[in-house]
S.K.: 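I have a structure I would like to understand better, so I am pasting it below and will then ask my questions one at a time.
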Amino acid sequence: MCRAGIAALNKPVVVSEETLTEPVVVSDVAPATAKTIAGPAYIVLAGISFSHFLNDTMQSLIASVYPILKDTYALDFAQIGMITLAFQFTASLLQPLVGHYTDKKAQPYSLAIGMASTFFGLLLLSIAQQYLVILIAAALVGLGSAVFHPESARIARLASGGRYGFAQSVFQLGGSFGTSMGPVLAALIVVPFGQGSIAWFSSIAGLAIVILWRIGRWYAPQIKAKKTASVEVHPDAPNSRRVAIALLVLVALLFSKQLYVSSLSSYYIFYLIDRFGVSTQTAQIYLFIFLAANAVGAFFGGPLGDRFGRKIVIWISILGALPFTLALPFAGLYASAVLSVIIGLIISSTTSSIIVFAQELVPHRFGMISGVFFGVAFGIGGLGAAVLGKLADHTSIEFVYQVCAYLPAIGLLAVFLPKLPRHAR
């Protein structure tokens, strides 16, 4: 293709120095003017969001087949929690490292390569006959997640057209709906046809590899390595001490949100079966309802942060869920479904605001910050699932939910978040 044709294809996306991290620049892009500034690149956002949907659909299958694995291999709740830990520990450990490396040199085709790890992990899980093999398969799927999230979050920001919260929400929407689809697919396919049917979902990974390779082709010509340059600091930006405190607060807030969501994702099925005597398939449908509400809330959280400020959204989304989480352990079956929808809508709306807030605190380490926060989300969920499983073995699932009901109270720490400059609300 001629040079003029390439320039025409790249024209709709104009990326400013603020958008990029230190080591990545946009090549062949004219200086931003009133005529050249463009809105979001919707096709790219749709592609990366759909890839996130496929990625998280496959990841959520692991938690959705826990009842099958528990019955087949006589696992206890602590062992179930260890599967979640194996899956999420690789993602938690590697995501910041991947983000740090891609801050220095972007790797557009790493997304497709990382998805291959998920592909092989699903195949291995479908034939696993030993507990150790199950752990290895879960870790391979987690490895795919570690590679996927930091660089795909960067692509979403590049395609945002300056609407960072909106782009992050579109990106999160795909992942949230993917997570919600796992229980449904498990109920319709894995439960009737058994563990071996998990192999069918490797075709989803194959589709994701193709899409991510095409996105990589869009991404590659827009970036090139450069020497580290100084980043202009806004005069109203918080100092390094306030930034460090804010990052710790954001991690704590993400802890309260993700651990609560992890408790429902990993053990909600068992909770409904034990307390209300519903079937496994019925319990998976109730889990889908909760996760679908999470997806909707995640989508609206980003645009609301762009409009009213991310700190306000963080306050409302975490603390606002507290009355409903406290009521959930005492509700009946149908009331539990209604409460789970309300909780999902409110608590999930904070994810985009937390991530974008952190990115704007440390804009010159965008990949690493994205990796840390995505990694912390996975890591806290995995560690929390293991601890909660052990607690459930010694007490009961109902007691676990009574304890988790107080987690949103950690949202009070949002009082320590600094006020960002107007351009980075």
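Keep in mind that the numbers below use all heavy atoms, side chains included, and drop hydrogens, waters and symmetry copies. Bear in mind that the values here come from a model prediction, so they are computed numbers and not experimental data.
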S.K.: Check whether any side-chain heavy atom of Ile127 lies under 4.5 Å from a side-chain heavy atom of Leu123, and answer yes or no.
M.R.: no
S.K.: Work out which heavy atom in Met115 is nearest to a heavy atom in Ala205; give both atom names and the distance.
M.R.: CG-O, 3.6 Å
S.K.: Is the shortest heavy-atom distance from the side chain of Ser51 to the side chain of Phe148 under 4.5 Å?
M.R.: yes
S.K.: How long is the straight-line distance from CD1 of Ile198 back to CE of Met58, given to the nearest 0.5 Å?
M.R.: 13.0 Å
S.K.: Distance check, rounded to the nearest 0.5 Å: Ser160 atom OG versus Leu45 atom CG?
M.R.: 7.5 Å
S.K.: Could you tell me the separation between the CD1 atom of Ile397 and the CD1 atom of Ile273, rounded to the nearest 0.5 Å?
M.R.: 10.5 Å
S.K.: State, yes or no, whether a side-chain contact exists between Leu361 and Arg242 at a heavy-atom distance under 4.5 Å.
M.R.: no
S.K.: Could you label the plane-to-plane angle of the Tyr268 and Tyr271 rings as parallel, tilted or perpendicular, counting under 30° as parallel and over 60° as perpendicular?
M.R.: parallel
S.K.: Check Ala358 against Leu247 and note the closest heavy-atom contact, atom names and distance.
M.R.: CB-CD2, 4.1 Å
S.K.: Tell me the closest heavy-atom pair linking Leu319 and Pro408, and the distance in Å.
M.R.: CD2-O, 3.8 Å
S.K.: Determine whether a donor-acceptor pair (N or O, by modelled atom type, separation under 3.5 Å) exists between the side chain of Gln95 and the backbone of Val147.
M.R.: no
S.K.: Run the side chain to side chain contact (heavy atoms under 4.5 Å, CB included) test on Val190 and Phe201 for me, step by step, so that the C-alpha distance in whole Å, both residues' side-chain angles and the decisive distance to 0.1 Å come before the verdict.
M.R.: CA-CA 10 Å; Val190 181; Phe201 294 96; 3.8 Å; yes
S.K.: Taking Gly174's backbone N and O only, do any of them form a donor-acceptor pair with Ser49's side chain (distance below 3.5 Å, no angle check)?
M.R.: yes
S.K.: Which word best sums up how the rings of Phe171 and His52 line up, parallel for under 30°, tilted for 30 to 60°, or perpendicular for over 60°?
M.R.: parallel
S.K.: Mind checking the CG-CD1 spacing from Leu212 to Ile48? Nearest 0.5 Å is all I need.
M.R.: 5.5 Å
S.K.: Whether the side chain of Thr350 engages the backbone of Ile347 through a donor-acceptor N/O pair (distance < 3.5 Å, no angle test) should be reported.
M.R.: no
S.K.: Would you check if Ser317 and Lys257 make a side-chain contact, meaning some heavy-atom pair closer than 4.5 Å?
M.R.: no
S.K.: Give the intermediate values and the outcome of side chain to side chain contact (heavy atoms under 4.5 Å, CB included) for residues Ser117 and Val141.
M.R.: CA-CA 6 Å; Ser117 176; Val141 177; over 6 Å; no
S.K.: Side chain to side chain contact (heavy atoms under 4.5 Å, CB included), that's the test. Do Val261 and Asn294 meet it? Break it down for me.
M.R.: CA-CA 9 Å; Val261 172; Asn294 266 270; 4.0 Å; yes
S.K.: Please check if the number of heavy atoms outside Tyr109 that lie under 6.0 Å from its OH is greater than 12.
M.R.: yes
S.K.: On a heavy-atom basis, which atom in Leu417 and which in Lys311 lie closest, and how many Å separate them?
M.R.: O-NZ, 2.6 Å
S.K.: Do you know which two heavy atoms are closest between Ala137 and Leu125, and how far apart they sit?
M.R.: CB-N, 3.6 Å
S.K.: Side-chain contact, heavy-atom cut-off 4.5 Å: Tyr131 with Tyr73?
M.R.: no
S.K.: For a side chain to side chain contact (heavy atoms under 4.5 Å, CB included) check, start with the C-alpha distance between Ser202 and Phe119, then their side-chain angles and the critical distance, and finish with the verdict.
M.R.: CA-CA 5 Å; Ser202 62; Phe119 177 86; 3.7 Å; yes
S.K.: Has Ser353 got a side-chain atom pairing as donor or acceptor with Gly305's backbone, closer than 3.5 angstrom?
M.R.: no
S.K.: Within the structure provided, determine whether Val243 and Val362 are in side-chain contact (heavy-atom separation under 4.5 Å).
M.R.: yes
S.K.: How far apart are the closest heavy atoms of Phe77 and Gly389, and which atoms are they?
M.R.: CB-O, 3.5 Å
S.K.: Give a yes or no on whether the backbone of Leu69 and the side-chain of Thr72 come within a donor-acceptor separation of less than 3.5 Å.
M.R.: no
S.K.: Rounded to the nearest 0.5 Å, how far does CD of Gln168 lie from CD1 of Ile354?
M.R.: 11.5 Å
S.K.: Taking the side chain as C-beta and beyond, is there a heavy-atom pair between Thr325 and Leu322 under 4.5 Å?
M.R.: yes
S.K.: Do the non-hydrogen side-chain atoms of Val44 and Trp218 ever get within less than 4.5 Å of each other?
M.R.: yes
S.K.: Under the 3.5 angstrom rule, does the side chain of Thr57 hit a backbone N or O of Phe53 as a donor-acceptor pair?
M.R.: yes
S.K.: Could you state the interatomic distance from OG (Ser110) to OH (Tyr101), rounded to the nearest 0.5 Å?
M.R.: 9.5 Å
S.K.: Count the heavy atoms belonging to other residues, nucleotides or ligands that lie under 6.0 Å from NZ of Lys70, then report whether that count exceeds 12.
M.R.: yes
S.K.: Can you classify the ring geometry of Phe299 versus Phe166 as parallel (below 30°), tilted (30 to 60°) or perpendicular (above 60°)?
M.R.: perpendicular
S.K.: Checking the side chain of Glu151 only, and the main-chain atoms of Leu111 only, is there a donor and an acceptor separated by less than 3.5 Å?
M.R.: no
